[in-house]
2 protein chains.
Amino acid sequence: MNKPAPVAEAEAPTALHQRIRTDIEAKILSGELGPGDRIPFEHELTEQYGCSRMTVSKAISALAEAGLIERRRRAGSFVARPRVHSAVLDIPDLRAEIEGRGQAYRFELSVCVQRAADGPDEAELAGGRTLLALRGVHFADARPFSLEDRLISLRAAPEAARIDFTQISPGAWLLEHIPWTEAENRISALAADTEAARLLAIAPRTACLAVERRTWRAGVGVTRVRQLFPGEAYDLVARFGPSRG
Amino acid sequence: MNKPAPVAEAEAPTALHQRIRTDIEAKILSGELGPGDRIPFEHELTEQYGCSRMTVSKAISALAEAGLIERRRRAGSFVARPRVHSAVLDIPDLRAEIEGRGQAYRFELSVCVQRAADGPDEAELAGGRTLLALRGVHFADARPFSLEDRLISLRAAPEAARIDFTQISPGAWLLEHIPWTEAENRISALAADTEAARLLAIAPRTACLAVERRTWRAGVGVTRVRQLFPGEAYDLVARFGPSRG
DNA sequence: CTCGGATTTATGTCTATACATATTCGAGAC
DNA sequence: GTCTCGAATATGTATAGACATAAATCCGAG
């Protein structure tokens with residue numbers, strides 16, 4: 001039992017509430033505190049760190065919001081059990097991702113037409129107007145990296161009809177001009193059809209990772225994009241830690 | 001003595017700092033405030049809500065931590081641009097997922113052996129000891145839902161060698177007894193080989209979604225699991241909103 | 001006109017206090 | 001015994017004030 005008395009230590013220049021937070025986080029990550037264990041009461045930490053209750057409370061509240069801890073009145077604060085299903089998913093910005101590996105990024109537009117909505121999903125996106133339908137390939141150096149099929153709602157983004165998407169990729173333009181406020185991603189696997197395989201320069205029926213993203217701005221659909229990645233060539237990595245960095 | 005009896009408005013019983021937070025969040029989600037826009041200064045909100053600066057600060061700090069807002073000293077607080085690549089991924093707990101749809105869940109173990117590590121990745125997981133290698137299928141009603149290949153480190157979980165995994169699925173047992181503190185998920189697509197196709201009752205070479213998860217406890221590897229989902233049969237859905245909820 | 005330092009300002013952290021609220025626990029009623 | 005009610009307690013929210021810190025801005029010296 002070692003009381004970490006605030007003696008002469010190499011103190012980090014961090015704020016105290018941050019230090020309390022990371023201290024507890026460390027105890028959880030090290031397994032010293034497991035799910036269900038009670039962490040010290042606020043008044044105990046208050047004494048231990050020689051600070052006011054507000055400071056301790058701020059630290060613990062942040063941990064609670066991050067999902068590492070559950071607080072119960074009168075009972076205390078307890079380490080939460082890790083949730084299997086929650087993780088942070090990195091769906092990369094393709095340009096940044098490719099250039100980050102030192103490869104040259106290029107987007108090659110192959111289709112760009114206005115057309116009416118087809119089916120209920122597209123109708124919701126179109127909202128009675130027409131859609132801009134795009135298809136193109138993202139290249140890393142000379143190699144096809146991802147096939148992109150995109151619909152843009154001309155209701156949400158009427159200016160898009162006048163943009164030359166051979167100069168700027170649709171994703172980059174949209175983020176710059178119609179930033180989304182909500183997004184939903186679907187991830188699935190499917191076999192590339194003949195046309196997709198040709199554009200990606202892979203064998204037909206190769207298993208591909210399909211990412212479909214829909215975005216909204218203030219509840220109004222902005223775009224729906226499907227990206228196809230050759231399966232063996234790419235991974236999406238998701239991590240779960242104590243969050244925060 | 002008695003409460004102020006807020007008759008005039010249908011006030012939510014929420015805390016004030018929460019209300020400030022959701023108010024600003026709503027302005028961002030509605031597009032009224034776009035990326036780069038400055039939100040009111042703390043002292044303005046203080047006046048607007050008739051509360052102290054601490055209360056306003058708590059609300060804005062929470063938004064900053066959630067990534068919706070960036071704060072810059074002396075300059076103010078600004079709406080952050082949405083990051084394309086960060087989303088919350090729902091990797092479901094299979095039992096909960098299946099039973100949630102009203103189907104019967106069953107796990108059928110087909111292989112359970114102890115063996116030595118094979119390759120550097122497995123060696124790191126094993127840490128000089130042997131591994132427990134499992135294979136089994138998760139069923140929804142009578143239909144195969146997912147093929148699971150799992151390695152359990154007997155260093156991190158020696159008791160696992162004595163568990164009867166026909167009675168409890170390895171994932172459920174591990175979460176109960178050796179909860180992880182860190183996890184990494186990889187998502188990719190691949191074609192089912194003959195054996196996998198047989199176990200999943202699908203055509204060989206069908207495109208499947210492959211989820212590989214590794215977990216650690218206090219930096220020590222616990223398990224590595226690969227789950228294979230028939231591609232058309234399943235989606236992983238990831239959402240990004242203002243988080244929280 | 002430029003550079004560098006002083007000033008101003010908004011956020012960052014912290015305190016001491018107060019009261020509200022949910023939940024547990026024990027004492028007394030039945 | 002068990003049920004109910006009130007006391008105890010830990011968290012939840014909020015305040016007013018204080019000082020620290022970073023950065024934009026202004027201003028004077030060169």
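A quick note: this is a predicted structure, and the numbers were derived from the prediction, not measured.
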Peer 1: Relative to the 5' end of DNA chain D, which residue comes earlier, A/Ser61 or B/Arg72, by the nucleotide with the nearest heavy atom?
Peer 2: A/Ser61
Peer 1: Over all strands shown, is B/Ile60 touching base, sugar-phosphate only, or nothing at heavy-atom distances under 4.0 angstrom?
Peer 2: nothing
Peer 1: So, does A/Ser77 get its side chain near the phosphate of D/dA10, meaning an N or O under 4.0 Å from OP1 or OP2?
Peer 2: no
Peer 1: For B/Arg19 and D/dA14, give me the distance from atom CZ to atom P, rounded to whole Å.
Peer 2: 10 Å
Peer 1: Can you check the A/Phe78 CZ to D/dA10 C1' distance for me, whole Å?
Peer 2: 10 Å
Peer 1: Is it the case that D/dA24 (base atoms only) and B/Arg74 (side chain only) share a donor and an acceptor within less than 3.5 Å, ignoring hydrogens and angles?
Peer 2: yes
Peer 1: The side chain of B/Cys51 is closest to which nucleotide in this list: D/dT13, D/dT15, D/dA24?
Peer 2: D/dT15
Peer 1: From CD of B/Gln18 over to P of D/dT13, roughly how many Å is that when rounded to an integer?
Peer 2: 7 Å
Peer 1: Could you tell me how far apart B/His17 (NE2) and C/dA20 (C1') are, to the nearest whole angstrom?
Peer 2: 13 Å
Peer 1: Reading DNA chain D from 5' onward, which residue's closest nucleotide shows up sooner: A/Ala75 or A/Ser57?
Peer 2: A/Ala75
Peer 1: Between B/Arg53 and A/Ser52, which residue's closest nucleotide on DNA chain C lies nearer the 5′ terminus?
Peer 2: B/Arg53
Peer 1: Quick one: does NZ or CZ of B/Arg38 land under 6.0 Å from the six-membered ring centre of B/Phe41, within 45 degrees of the ring axis?
Peer 2: yes
Peer 1: In whole angstrom, give the distance that lies between atom CZ of A/Arg73 and atom P of D/dA10.
Peer 2: 14 Å
Peer 1: Ignoring backbone atoms, test whether B/Thr55 places a side-chain nitrogen or oxygen under 4.0 Å from the OP1 or OP2 oxygen of D/dT15.
Peer 2: yes
Peer 1: Examine B/Arg106 relative to B/Phe139 and say whether NZ or CZ is less than 6.0 Å from the centre of the six-membered ring and inside a 45° cone about the ring axis.
Peer 2: yes
Peer 1: B/Glu65 CD to C/dG12 P: how many Å, rounded?
Peer 2: 12 Å
Peer 1: Considering only D/dT13, D/dA10, C/dC14, which nucleotide approaches the side chain of B/Met54 most closely?
Peer 2: C/dC14
Peer 1: Which one of A/Arg95, A/His138, A/Glu99 satisfies the side chain to side chain donor-acceptor pair (under 3.5 Å) criterion with A/Tyr105?
Peer 2: A/His138
Peer 1: Nearest to the side chain of A/Leu16, heavy atoms from C-beta on, is which of D/dA14, C/dC14, C/dA10?
Peer 2: C/dC14
Peer 1: Quick one: A/Glu44 CD to D/dT11 C1', roughly how many Å, whole number?
Peer 2: 14 Å
Peer 1: What is the distance from CD of A/Glu70 to P of C/dA22, rounded to the nearest Å?
Peer 2: 18 Å
Peer 1: Give a yes/no answer on whether the side chain of A/Arg71 brings an N or O atom under 4.0 Å of OP1 or OP2 in D/dG12.
Peer 2: yes
Peer 1: Indicate yes or no: does A/Arg71 engage A/Glu42 in a salt bridge with an N to O separation below 4.0 Å.
Peer 2: yes
Peer 1: Nearest 0.5 angstrom please: A/Leu125 CG to A/Thr215 OG1, how far?
Peer 2: 8.5 Å
